[in-house]
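This report concerns only the one structure given below.
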Amino acid sequence: MLSRRRFTLTSAALTAAMFSLPACTRPSERLTEDLSSEMGLTESGLPIVTEELTLTVGGAKSPLAPEYETMQLVQTWEEDSGISITWSNEPDEVWGEKKNLLLASGELPDALFNTGLTDAEVAKYGANGTLIALEDLIAENAPTLSGILEKRPDIRAAITASDGHIYTLPSVEEMGLVEFPSMMFLNTDWLARYGLAMPTTVEEYHQVLLAFKAEGPAGVLPLSFIGAGAICDLIAALGGQPDVPDHRIVQDGTVVFTADKDGFRDAIAQLHTWYAEGLIDQEAFAQDYVKFIAKGTADPQILGSFCFWEVPEVVGPEQADQYAIVPIFPGPDGVRRACVVSNQEINRGAFAISRTNEYAAATVRWADMLFDPVMSAQANWGPVGVTQQENADGLLEQIPVGEGETEQERRVKVSPGGPKIITAEDFETVVLPEPRAAARQAQIAEHYAPHRANEKFPPVMLSVEELDQVSTIEADVQTFVSEKVATWIVKGGIEAEWDGYVSQLRTMGLPDLLAVWQGAYDRFTAAG
């Protein structure tokens, strides 16, 4: 039995090695020899190696998740592959701090799983060689992923850095849910109590809120939400201007900033009127999730209308059927606009390999095992026989949860996540959505998808140079807009301050920011 030869660089040695590279060295040219063949690397299939091989892997996990080595699915991976993993996965916040220290020191594990890497970190640590380029390894050792990337150039484009290299593997779940993260709900019990109908226009909705304010219980909150990013569809109805939380959309191939448009101004001015009328929760721009949920579960009920992902999480399952989705209202021009947020279903950063990994080929083979659609479904929702079962049509479906447990609580205990791809096609041929996901798909299909107002900004990765150019500008612009919007809705004054506000955005560098975004968008669409 061949034991693994350990290879460790001190922080100083690794730093010296990286900075002493010849100028012609590319990040894909590794400094450590690949010893996978010494572990009996098989040509294909499982097991991946025939000799004893242990890899160290670190990353993030849910605070509710057990240690990964105790998960049934993780144990199956070890049995199937012949590769043992020494796991060092930490809750998100803990991993965030640990990851920064590891990256700074260079003392990284062999691979990162649920990496938590930002685009800036991927660009930086890919460029300096801390993370190895994977495209050649994928072509040679990942037949499942290679086949998917050949069929789906958009996924390849999403995980390819501006220098042409792939440094991280993806996590993909194509259910069509995340583009519309905040729906508006209305208390239909109150509608019936006060003799009102479900509103079909924004003015009718305004009248309903006024009625709730006048007739509702003590402490009534006609409309509540967490930040202006939750009410983009309402802004679109009031001003005829699509909006999203980061104010960056795409229309007809052009990247557009929404928060300097006249329609946006008109909507914020109208929302100030509503605030002055006592219709908007005074804490809507300052409250956190815990405070918001406390209002939703208050007894007696005080929420007339609210914006959030779903109803049960806010008001509890017992009262959920007392609320219904408010339809998308037509804008001043009669057009209904459901704002498409740039939340991505193709996510980078699920898996990465560090430069000190001596068994990169075997490691990529191990990761490729997880891209099989059935295995991806189990990584996402849990093992067959535990949380999923095969139905009469041969599709995986969720086993109903036991009493006193939610689907999400069960899921985090048995599904490790990580690199996976579950395409829209897989949801027709491999696995069925969770019941709550299927319900939301139906809601989107009925209320939102027919009224898509914009394209979303794609999952393009900016270069180190682009990030250096725009990171400060973007942060300053977003902070400036958020503060002004909250102030204008609460105190008013947008009409008098508008021209100066637009001028200030230009001075802060908004045109430069748009130019970088447009260039990145064009690069992505050309590649995909």
Rounded to the nearest 0.5 Å, what separates atom CD1 in Ile346 from atom CD in Glu174? 5.5 Å
Taking Asn343 for the side chain and Val178 for the main chain, is one N or O donor matched with an acceptor at less than 3.5 Å? yes
Do Gln518 and Asp522 meet the criterion of a side-chain donor-acceptor pair at a distance under 3.5 Å? yes
When you compare the side chains of Glu483 and Thr487, does any donor N or O come within less than 3.5 Å of an acceptor on the partner? no
Pairing donors with acceptors under 3.5 angstrom, does anything connect the side chains of His206 and Gln270? no
For the residue pair Tyr289 and Phe308, categorise the inter-ring angle as parallel (less than 30°), tilted (30 to 60°) or perpendicular (more than 60°). tilted
So does Glu204 get a backbone contact from the side chain of Gln207, meaning a donor-acceptor N/O pair under 3.5 Å? no
Please verify the inter-ring angle class for Trp488 with Trp498; under 30° counts as parallel, over 60° as perpendicular, anything in between as tilted. tilted
Salt-bridge present (Glu283, Lys291; N to O < 4.0 Å): yes
Kindly confirm or rule out a cation-pi arrangement of Arg410 over Trp381, judged by NZ or CZ under 6.0 Å from the six-membered ring centre and within 45° of its axis? no
Going by atom types only, do Arg436 and Gln408 share a side-chain donor-acceptor pair under 3.5 Å? yes
I'd like to know whether CD of Glu203 has more than 12 heavy-atom contacts from other residues, nucleotides or ligands below 6.0 angstrom. yes
Would you call the rings of Phe185 and Phe306 parallel, tilted or perpendicular, taking 30° and 60° as the class edges? tilted
When you measure from the side chain of Thr160 to the backbone of Ile166, do you find a donor-acceptor pair of N or O atoms at a distance under 3.5 Å? no
Step by step, work out the side-chain hydrogen bond (donor to acceptor under 3.5 Å, both in side chains) result for Thr254 and Asp252. CA-CA 6 Å; Thr254 299; Asp252 299 323; over 6 Å; no
Just checking, is any N or O donor in the side chain of Lys98 or Ser88 under 3.5 Å from an acceptor N or O on the other one? yes
Interatomic distance, Leu112 atom CG to Leu102 atom CG [nearest 0.5 angstrom]: 8.0 Å
For the residue pair Phe225 and Phe285, categorise the inter-ring angle as parallel (less than 30°), tilted (30 to 60°) or perpendicular (more than 60°). perpendicular
Could you check whether the rings of Phe457 and Tyr521 sit parallel, tilted or perpendicular, using 30° and 60° as the cut-offs? tilted
Examine the side chains of Gln287 and Lys295 and answer whether a donor and an acceptor come within less than 3.5 Å of each other. yes
Any luck finding a side-chain donor-acceptor pair between Tyr194 and Asp189 under 3.5 Å? no
Could you measure the distance from the CD1 atom of Ile226 to the SG atom of Cys307? Nearest 0.5 Å is fine. 10.5 Å
Tightest non-hydrogen contact, residues Gln388 and Gly382, listed as NE2-O, 2.8 Å
Between the side chains of Arg411 and Asn380, is a donor N or O closer than 3.5 angstrom to an acceptor N or O? yes
Enter the distance from Leu462:CG to Asp468:CG here, rounded to the nearest 0.5 Å. 10.5 Å
Is the distance between the ring centroids of Tyr125 and Tyr167 less than 6.0 Å? no
Classify the ring geometry of Phe180 against Tyr448: parallel below 30°, tilted from 30° to 60°, perpendicular beyond 60°. tilted
Would you sort out whether Gln478 and His247 count as a side-chain contact (heavy atoms from CB on, under 4.5 Å), showing the intermediate values? CA-CA 8 Å; Gln478 295 293 351; His247 313 292; 3.7 Å; yes
Going by distance alone, is a donor N or O of one side chain under 3.5 Å from an acceptor N or O of the other, for Asp426 and Thr423? yes
Should Met184 and Ile325 count as side-chain neighbours, where that means a heavy-atom distance under 4.5 Å? no
Nearest heavy-atom approach of Thr168 to Gly349 is OG1-N, 3.1 Å
Verify the distance criterion only: is there a donor paired with an acceptor across the side chains of Thr297 and Gln319 at less than 3.5 Å? no
Residue of the set Lys491, Lys484, Arg265 for which salt bridge (charged side-chain N to carboxylate O under 4.0 Å, His left out) holds with Glu497: Lys484
Hey, are Tyr205 and Ser305 close enough side-chain-wise for a donor-acceptor pair under 3.5 Å? yes
